[in-house]
Amino acid sequence: MSDVWGEEEDNFTYGLDGDDRERPTIVLMGQKRSGKTSIRKVVFNKMSPNETLFVESTAKVTKDRIAASFINFATQEFPGQVCPFEDSLNPQTNFSRCGALLYVIDAQDDYNEICSAIRKMCDYFVRAYNINNKIKFEVFIHKVDGLTDESRAEASLEIYNKVKEDLSDMGYDGLLHINFYCTSIYDHSIFEAFSKVVQKLITQLGTLEKLLDIFNSGSNVEKSFLFDVSSKIYIATDTTPVEMATYELCCDMIDVTIDLSAIYGQKMEGQRAFDENSSAVIRLKSDHVLFLRQLNRHLALVCIVRSENFEKQGLIDYNFKCFKEGIEKVFQVHKKMQDA
């Protein structure tokens with residue numbers, strides 16, 4: 001398996017160097033039982049949310065490389081009882097190659113426990129920032145499925161204000177830019193949030209968005225996503241706002257297509273039935289069409305379009321071919337720049 005994004009035989013030479021020293025790491029932190037391991041298992045190991053009820057609390061530092069995926073990075077999870085800045089854990093090395101530091105706060109904890117978690121989080125963020133000021137700092141306000149919409153909004157605001165207050169007391173307010181997301185493993189919010197985190201590690205994101213805008217305009221497509229099929233993380237979308245309902249439909253389409261391909265598809269030895277030649281079309285009751293086109297074994301374009309505009313399939317197919325060629329050129333240029 002190639003260590004760059006994608007496989008050599010797919011004619012895609014993507015993004016990041018394969019060397020483990022260069023592969024960016026997403027570091028997960030949080031209090032004990034905040035949901036760090038469950039998030040990792042659901043997003044990257046296809047574990048059912050209900051199965052995570054039986055996952056044991058992580059007792060040691062766990063590092064995983066994301067395999068069978070377009071996305072080339074590692075995740076590193078620190079148990080809640082372990083300080084990641086102990087000398088024995090080589091914090092200088094860990095945070096020098098950290099792309100994003102993700103702290104998970106259990107929204108269902110009581111106020112005092114949340115305040116304690118925030119104090120620890122701010123201390124960790126500042127120490128990581130002093131090692132590597134290019135780190136993306138992310139906060140998942142997790143387990144919000146157990147809260148009402150009103151309670152969710154109140155908890156988010158309280159956490160945001162408390163973080164701002166603590167950073168101000170430490171003299172770092174304004175220096176650290178922190179993104180906040182409300183998440184749950186029981187809906188698509190966790191995939192949406194992780195998509196936003198991953199996108200910040202993709203240097204070609206702006207170009208990908210422009211290519212998607214051009215494809216949409218030429219094909220009369222309303223919304224399009226570039227998905228990593230394995231994780232259901234979208235690495236890019238067009239510049240129009242993302243509606244959660246549309247994103248959920250696209251995720252569901254990937255699941256349905258993969259499941260049907262696994263059952264009925266003709267599978268060659270060593271390959272899965274869902275490959276770079278796969279495509280799917282679902283007509284919705286809302287007079288819209290969902291369609292999927294696979295770019296390579298890991299990456300798929302999923303779009304929603306009005307039924308009357310989908311009748312011009314020849315135009316869409318031609319534009320998709322041009323789009324795929326554009327994607328290839330983007331990453332080939334990036335690879336040449338890395339090799340230079």
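Side chain of T52 to backbone of P49: a donor-acceptor contact under 3.5 angstrom is found. A donor-acceptor contact shorter than 3.5 Å links the side chain of S184 to the backbone of Y186. Distance alone, capped at 3.5 Å, places no donor-acceptor pair between the S217 side chain and the D213 backbone. The main-chain N or O of V126 is found under 3.5 Å from a side-chain atom of N130 such that the two form a donor-acceptor pair. Looking at E325, its side chain never comes within 3.5 Å of a backbone N or O of C322 through a donor-acceptor pair. Remark: side-chain polar atoms of D106 are not paired, donor with acceptor, to backbone N or O of Q31 under 3.5 angstrom. No donor-acceptor distance shorter than 3.5 angstrom exists from the side chain of S57 to the backbone of R33, with no hydrogens or angles considered. A side-chain donor-acceptor contact under 3.5 Å links N132 to the backbone of F95. For the pair S231 (side chain) and I233 (backbone), a donor-acceptor distance under 3.5 Å is present. Using a distance-only test at 3.5 Å, with no hydrogens or angles considered, no donor-acceptor pair links the side chain of S116 to the main chain of N112.
In the hydrophobic cluster analysis, where Ile, Leu, Val, Met, Phe, Trp and Tyr join through side-chain heavy atoms closer than 4.5 angstrom, V27 is grouped apart from V43. Hydrophobic clustering, with ILVMFWY side chains joined whenever heavy atoms are under 4.5 angstrom apart, keeps V163 apart from L102. I254 and L284 fall within a single hydrophobic cluster, where Ile, Leu, Val, Met, Phe, Trp and Tyr are joined by side-chain heavy atoms under 4.5 Å apart, directly or via other members. Put simply, F320 and V281 are part of the same group of oily side chains (I, L, V, M, F, W, Y) that touch within less than 4.5 Å, one to the next. Connection of I159 to M29 is established within a shared hydrophobic cluster, with ILVMFWY side chains joined at heavy-atom distances below 4.5 Å, either directly or through further cluster members.
The side-chain heavy atoms of D255 and K232, taken from C-beta on, include a pair separated by under 4.5 Å. Looking only at side-chain heavy atoms (C-beta outward), R152 and V144 come within less than 4.5 Å of each other. The shortest side-chain heavy-atom distance between P79 and K32 does not fall under the 4.5 Å cut-off. In this structure the side chain of L28 reaches within 4.5 angstrom of the side chain of I26, judged on heavy atoms. Side-chain atoms of F323 and L295, non-hydrogen and from C-beta on, do get closer than 4.5 Å to each other. Residues V242 and E192 are in side-chain contact: their nearest non-hydrogen atoms beyond the backbone lie under 4.5 Å apart. Proximity of N179 to K136: side-chain heavy atoms (C-beta onward) are nowhere separated by under 4.5 Å. Between L167 and I178, the closest side-chain pair of non-hydrogen atoms falls below 4.5 Å.
Counting heavy-atom neighbours within 6.0 Å of K210 NZ, excluding the residue itself, gives a total of 12 or less. Atom NZ of K164 is surrounded by 12 or fewer heavy atoms from other residues, nucleotides or ligands within 6.0 Å. Other residues, nucleotides and ligands place more than 12 heavy atoms under 6.0 Å from the CD atom of Q81.
Here the SG atom belonging to C182 is positioned 14.5 Å from the NZ atom belonging to K143, to the nearest 0.5 angstrom. The distance from atom CZ of F227 to atom CG of L301, rounded to the nearest 0.5 Å, is 10.0 Å. Taking NE2 of H142 as the start and OG of S189 as the end, the distance is 8.0 Å to the nearest 0.5 Å. Note that the CD1 atom of I39 and the CD atom of E77 stand 9.0 Å from one another [nearest 0.5 Å]. Atom SG in C115 sits 8.5 Å away from atom CD in E165 (nearest 0.5 Å). Here the CG-CZ distance, from L299 to R293, works out to 15.0 Å after rounding to the nearest 0.5 Å.
Considering every non-hydrogen atom in both P84 and L89, the closest pair reads CA-CD1, 4.0 Å. Among all heavy-atom pairs drawn from I114 and A107, the shortest one is CD1-O, 4.1 Å. Residues S34 and V104 approach most closely at O-CG1, 3.5 Å, considering heavy atoms. The nearest pair of heavy atoms linking C98 to I135 is O-CG1, 3.5 Å. A pairwise comparison of heavy atoms in Q294 and N296 identifies NE2-O, 2.6 Å as the closest pair. A pairwise comparison of heavy atoms in A236 and Q199 identifies N-NE2, 4.3 Å as the closest pair.
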Show the numbers, then the answer: is there a side-chain contact (heavy atoms from CB on, under 4.5 Å) between M253 and V302? CA-CA 8 Å; M253 183 181 194; V302 184; 4.1 Å; yes
Applying side-chain contact (heavy atoms from CB on, under 4.5 Å) to N94 and T25, what does each step give before you reach the verdict? CA-CA 8 Å; N94 288 333; T25 302; over 6 Å; no
Report the C-alpha distance between D123 and R119 in whole Å, list the side-chain angles of each, state the deciding distance to 0.1 Å, and finish with yes or no for salt bridge (Lys or Arg N to Asp or Glu O under 4.0 Å). CA-CA 6 Å; D123 176 56; R119 282 194 295 271; over 6 Å; no
Given side-chain contact (heavy atoms from CB on, under 4.5 Å), test Y234 with L226 step by step and report yes or no. CA-CA 5 Å; Y234 67 93; L226 206 53; 6.0 Å; no
Apply side-chain contact (heavy atoms from CB on, under 4.5 Å) to the pair T183 and I141, showing each step before the final yes or no. CA-CA 6 Å; T183 60; I141 303 170; over 6 Å; no
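Taking the ring-ring contact (aromatic ring centres under 6.0 Å, His included) definition, one finds that F78 meets it with nothing, sequence neighbours left out. Partners of Y103 according to the ring-ring contact (aromatic ring centres under 6.0 Å, His included) rule, which considers only residues two or more places apart in sequence or in another chain, do not exist here. For Y181, the ring-ring contact (aromatic ring centres under 6.0 Å, His included) test picks out F140, with sequence neighbours left out. Residues forming a ring-ring contact (aromatic ring centres under 6.0 Å, His included) with F180 (at least two apart in sequence, or on another chain): Y160.
Defined by atom type and a distance below 3.5 Å, a donor-acceptor pair is missing between the side-chain atoms of Q76 and T62. No side-chain N or O of S230 forms a donor-acceptor pair with one of D228 less than 3.5 Å apart. Between the side chains of S96 and T93, no donor-acceptor pair of N or O atoms lies under 3.5 Å.
Between Y124 and F85, the ring planes are tilted. Angles from 30° to 60° get that label. Relative orientation of the F225 and Y247 rings is tilted, given thresholds of 30° and 60° on the angle between their planes.
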Please list, one pair per line, the donor and acceptor atoms closer than 3.5 Å that link side chains of residues 305-316 to other protein atoms, with sequence neighbours excluded.
{"unit_1": "R306", "atom_1": "NE", "unit_2": "E222", "atom_2": "OE2", "d": "2.9"}
{"unit_1": "S307", "atom_1": "OG", "unit_2": "D287", "atom_2": "O", "d": "3.1"}
{"unit_1": "S307", "atom_1": "OG", "unit_2": "D287", "atom_2": "OD1", "d": "3.2"}

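Of the residues listed (T246, T240, N216), the one engaging K223 in a side chain to side chain donor-acceptor pair (under 3.5 Å) is T240, and it is the only one.
M47 belongs to a hydrophobic cluster whose other members, connected by ILVMFWY side-chain contacts under 4.5 Å either directly or through intermediates, are V55.
Ring centroids of F125 and Y172 are separated by 6.0 Å or more, keeping the two rings apart.
A salt bridge links D166 to K162: at least one charged side-chain nitrogen sits closer than 4.0 Å to a carboxylate oxygen.
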